[in-house]
Asker: 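Quick one: the structure is below, questions incoming.
All of these numbers come straight from a predicted model, not from anything done at the bench.
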Amino acid sequence: MTAESPCIQVCVLDRLTGHCIGCGRTGEEIGAWSLLPEAAQRRLLALLPARLAALEARGLRADLSPRLPRA
């Protein structure tokens, strides 16, 4: 079993951090997602809120609000 992908179909990597402004993963993490064991996927998912918050603090996600999943 695998964890659900955090992808929201906004695949733009921030040049400074390398994190996708849509999901917070790096390009390498996105590419490897389906190959990762579920435990590794869950560990990665736990990192994403902080990454996304940092991107938001820099104003990089302001225009995504209509596309973000509701909490």
Asker: About how many Å separate CG of L13 and OG1 of T26, when rounded to the nearest 0.5 Å?
Answerer: 8.0 Å
Asker: Can you name the residues that form a side-chain contact (heavy atoms from CB on, under 4.5 Å) with L35, not counting sequence neighbours?
Answerer: none
Asker: Under 4.5 Å between side-chain heavy atoms, hopping through other hydrophobics if needed: is there a path connecting V10 to L55?
Answerer: yes
Asker: Distance check, rounded to the nearest 0.5 Å: I8 atom CD1 versus C20 atom SG?
Answerer: 7.5 Å
Asker: Using the salt bridge (Lys or Arg N to Asp or Glu O under 4.0 Å) rule, collect all pairs that involve residues 17-35, keeping only residues at least two apart or in two chains.
Answerer: E29-R51
Asker: Check the hydrophobic clustering (I, L, V, M, F, W, Y; side-chain heavy atoms under 4.5 Å; chains of links allowed) and say if L47 and I30 are grouped together.
Answerer: no
Asker: L45: which residues meet the side-chain contact (heavy atoms from CB on, under 4.5 Å) condition with it, sequence neighbours left out?
Answerer: A3, P6, W33, R42, L48
Asker: Got a sec, which residues hit side chain to side chain donor-acceptor pair (under 3.5 Å) with Q41, two or more places apart in sequence or on another chain?
Answerer: none
Asker: Enumerate the salt bridge (Lys or Arg N to Asp or Glu O under 4.0 Å) contacts for residues 1-22, please, sequence neighbours excluded, ordered by first and then second residue.
Answerer: D14-R58
Asker: Within this structure, what is the CG-NE2 distance for the pair L60 and H19, rounded to the nearest 0.5 Å?
Answerer: 12.0 Å
